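First the proteins, then the strands, lettered A, B, ... as listed; each starts at 1. Note that the structure is a prediction, hence the values are computed from the model and not measured.
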There are 2 protein chains.
Amino acid sequence: MKYKATTIKDIAKALNLSTSTVSRALRDSHEISAATKQTVLEYAAKLNFQPNPIALSLKERKSHSIGVIVAEIANSFFSQIINGIESVANEKGYTVIISQSHENFEKEVRTLQYLASRSIDGLLISVSSATNDLQHLKSMYQSGLPIVFFDRTVEEIQTHKVMVDNYQGAYNATLHLLEQGFRRIACVANSEHLSITKERVGGYMAALQQYKIEPDPTLIKYCFHGGMLLEEVELAVKELLAVKPRPTAIFATSDKLTTGCMRVLKKHKIAVPAAMALTGFSNSELIHLLHAPITVVQQPAYEMGQVATELLLQLIESKRPVKDFKTKMLQTKLVFPEK
Amino acid sequence: MKYKATTIKDIAKALNLSTSTVSRALRDSHEISAATKQTVLEYAAKLNFQPNPIALSLKERKSHSIGVIVAEIANSFFSQIINGIESVANEKGYTVIISQSHENFEKEVRTLQYLASRSIDGLLISVSSATNDLQHLKSMYQSGLPIVFFDRTVEEIQTHKVMVDNYQGAYNATLHLLEQGFRRIACVANSEHLSITKERVGGYMAALQQYKIEPDPTLIKYCFHGGMLLEEVELAVKELLAVKPRPTAIFATSDKLTTGCMRVLKKHKIAVPAAMALTGFSNSELIHLLHAPITVVQQPAYEMGQVATELLLQLIESKRPVKDFKTKMLQTKLVFPEK
DNA sequence: TTGAAAGCGCTAACAT
DNA sequence: ATGTTAGCGCTTTCAA
């Protein structure tokens with residue numbers, strides 16, 4: 001029951017030309033007379049002719065689509081990144097296919113296979129918190145799929161990468177707590193596998209050391225599912241509350257963990273910041289409306305999406321194999337509560 | 001620099017068969033010997049053969065992709081709907097292409113054209129708050145594109161529709177305010193064009209009338225941009241605050257408006273609910289963490305996405321033109337603050 | 001300057 | 001049961 005679009009053939013027939021001539025006219029070739037070109041163009045415009053992208057793809061062996069894998073789109077940070085990705089991709093004529101790993105390794109592998117089966121021309125990925133084995137990405141990469149990592153990058157694969165200065169962001173946030181007088185500062189971190197976790201925990205520890213405080217391993221809790229399961233955050237916070245002497249502040253290394261901690265603290269009726277201060281990474285637009293106004297590390301998510309996409313399209317459209325890979329590092333911003 | 005995938009031809013050559021035989025083996029045709037089928041299947045599996053979806057699309061004149069247009073993905077309500085859409089679509093082998101109108105009419109028109117140019121097999125849409133003219137949708141529909149409307153539907157186009165019982169949801173929320181003793185209840189509504197606006201304002205008025213309160217038109221404010229511009233919400237709230245006697249409660253008809261009102265009230269240091277009660281539609285997962293715990297009308301967004309997609313795929317895959325169109329109405333839930 | 005023909009990967013009607 | 005061929009819509013040699 002689908003409408004049959006006009007093809008180059010229809011135009012050729014109507015104008016008594018060959019399909020190649022019509023094609024040339026539309027592609028603005030030089031080997032064609034101005035008059036013929038004119039006729040074809042006018043007729044095509046009248047019929048609102050649109051070249052069939054699928055036929056084009058088949059011919060060019062390019063789908064003009066790129067795949068994106070994030071943990072979940074219902075997360076301000078990722079949805080802002082996606083907006084940045086789309087702004088660049090659409091402008092360059094690429095379709096964006098968005099998939100979610102839900103912080104699940106098997107889902108990530110399956111979703112990558114799915115994207116590959118849809119013939120994506122390239123991939124943008126922020127790996128899931130459960131991803132440790134990189135075989136699925138390595139084999140795709142080796143078979144020629146251009147990949148750009150953003151946010152959560154991986155060491156083992158040599159390609160373009162875009163992230164924020166996680167170390168500095170975490171350092172700033174922790175320093176802010178220290179400057180406010182907190183000394184027992186705990187850290188609720190994402191999965192230990194992730195690049196961002198190592199970098200952010202590193203920044204946290206550096207700030208402590210700056211204040212001559214020896215980082216206490218019992219104050220660092222890792223959440224394998226990145227906060228997708230509230231229970232794991234609850235467990236982490238509970239354990240922290242049991243540590244003696246009790247920590248007085250928490251630094252959470254991701255959006256989901258920041259709001260997760262908030263949720264748990266509220267549930268246990270622990271006032272923020274009176275009984276427990278809280279700060280963390282977050283790009284939520286509702287952050288200033290939360291019952292406890294907290295300071296957060298904000299990432300230039302939109303920009304990160306744009307930069308990553310530009311790099312990917314460069315890879316895709318490059319004639320020769322690219323060997324010079326860039327790692328772009330953007331700056332975070334410490335955002336204080338609106339008074 | 002893209003990897004060249006194995007094709008049916010490669011297999012045929014290697015096995016000394018014709019492409020049609022290989023094709024038949026892979027498609028599990030009956031007109032083929034078990035032995036040959038076996039050989040082909042094994043070889044194909046070894047090479048990890050994946051049929052080229054683009055070639056298939058060209059052949060079948062189907063892209064196996066569906067377009068989705070929502071106001072913005074960085075909105076819990078919509079991202080939950082998208083999750084529902086993807087769950088059904090992917091299972092049935094369809095790719096979902098997500099686009100955002102950002103509540104802008106021109107963007108919606110452009111994005112629809114873009115989707116059409118990508119040969120989508122069908123469209124799921126919640127129209128933008130700025131959409132009044134439906135020509136773009138009508139002409140697509142008339143030329144044969146299957147469309148299912150969800151959330152914000154339109155009267156003029158006869159097709160499947162999925163939404164919640166907006167009237168009842170609004171009625172319940174307003175009634176809740178009335179039961180708490182509020183009598184001067186204002187309404188901050190979305191664009192007047194939208195189906196959801198009419199229905200929700202209708203439910204709001206019905207609840208008032210139930211309490212023998214004559215709805216006061218000066219207490220109803222419409223936001224053309226659906227709250228995308230905080231200024232319009234601020235203006236609405238300011239105007240409401242100037243009305244004498246001043247309203248004591250606000251019912252907001254959408255997610256963006258509910259949080260928008262909250263933001264404005266906070267900015268103007270108006271305590272919620274002491275100085276102004278607030279309730280409204282919202283699917284935000286952070287709603288219970290807000291500084292003022294509010295009651296909200298929650299929609300079964302995930303389910304809405306699933307139902308809409310099932311209906312759309314039905315339309316797409318139907319052999320004969322469908323004439324019997326369904327309008328599915330789901331129920332909302334009034335969610336109270338966690339104590 | 002234009003047309004004819006091949007080919008991208010696959011399926012299916014038509015031979016054999 | 002298997003092969004040959006045409007064709008989906010388009011671009012691009014190669015001929016004229």
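Per the geometry, CD1 belonging to Ile32(A) stands 13 Å off C1' belonging to dT11(D), to the nearest Å. Rounding to whole angstrom units, NZ of residue Lys59(B) and C1' of dG7(C) are separated by 15 Å. Atom C1' of nucleotide dC8(D) and atom CD1 of Ile8(B) are separated by 15 Å, given to the nearest angstrom. Between Leu56(A) atom CG and dG9(C) atom P the separation is 15 Å, expressed in whole Å. Distance CG (Leu58(B)) to P (dA12(C)): 14 Å, rounded to an integer number of Å. Straight-line distance from the CD atom of Glu31(A) to the P atom of dA16(D): 16 Å, rounded to whole Å. Look at CG on Asp28(B): it is 17 Å from P on dC10(C), rounded to the nearest Å. Rounded to whole angstrom, the span from the CZ atom of Arg27(A) across to the C1' atom of dT11(D) amounts to 7 Å.
In the displayed structure, Glu155(A) atom CD is contacted under 6.0 Å by at most 12 heavy atoms of other residues, nucleotides or ligands. In this structure, Glu91(B) places its CD atom where only 12 or fewer heavy-atom neighbours from other residues, nucleotides or ligands lie under 6.0 Å away.
Remark: Arg61(A) is not in phosphate contact with dG7(C), judged by side-chain N or O atoms under 4.0 Å from OP1 or OP2. Between Lys9(A) and dG7(D), a side-chain N or O to OP1/OP2 separation shorter than 4.0 Å is absent.
In this structure, the separation between CD1 on Ile11(A) and CG on Asn16(A) is 14.0 Å, given to the nearest 0.5 Å.
At a non-hydrogen distance threshold of 4.0 Å, Ser20(B) from residues 11-22 of chain B come into contact with DNA chain C.
Checking Thr159(A), Ile69(A), Ile66(A) one by one against Leu123(A), the side-chain contact (heavy atoms from CB on, under 4.5 Å) holds for a single residue, Ile69(A).
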side-chain hydrogen bond (donor to acceptor under 3.5 Å, both in side chains) evaluation trace for Glu310(A) with Gln314(A)
CA-CA 6 Å; Glu310(A) 278 159 10; Gln314(A) 242 170 261; over 6 Å; no

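Of the possible polar contacts, one joining the Ser63(B) side chain to the Ser119(B) backbone as a donor-acceptor pair under 3.5 Å is found.
Each of Lys37(B) and Thr7(A) has a nearest nucleotide on DNA chain D; the 5'-most of these lies closest to Lys37(B).
If you check distances only, the side chain of Arg24(A) does reach the base of dG3(C) with a donor-acceptor pair under 3.5 Å.
Taking 4.0 Å as the cut-off between side-chain N and carboxylate O, Lys107(A) and Glu72(A) do not count as a salt-bridged pair.
Relative ring orientation between His160(B) and Phe325(B) is described as perpendicular, the plane-to-plane angle rising above 60° on a 0-90° scale split at 30° and 60°.
The nucleotide whose nearest atom lies closest to any side-chain atom of Ser33(A) is, among dT2(D), dT1(C), dT12(D), dT1(C).
Inter-axis angle, ends of the helix from dT1(C)-dA16(D) to dT16(C)-dA1(D), five pairs per end, rounded to 10 degrees: 60°.
Residue Thr36(A) is classed as a sugar-phosphate contact, given heavy-atom separations below 4.0 Å to backbone atoms only.
The nearest pair of heavy atoms linking Ile8(A) to Phe49(A) is N-CE1, 3.6 Å.
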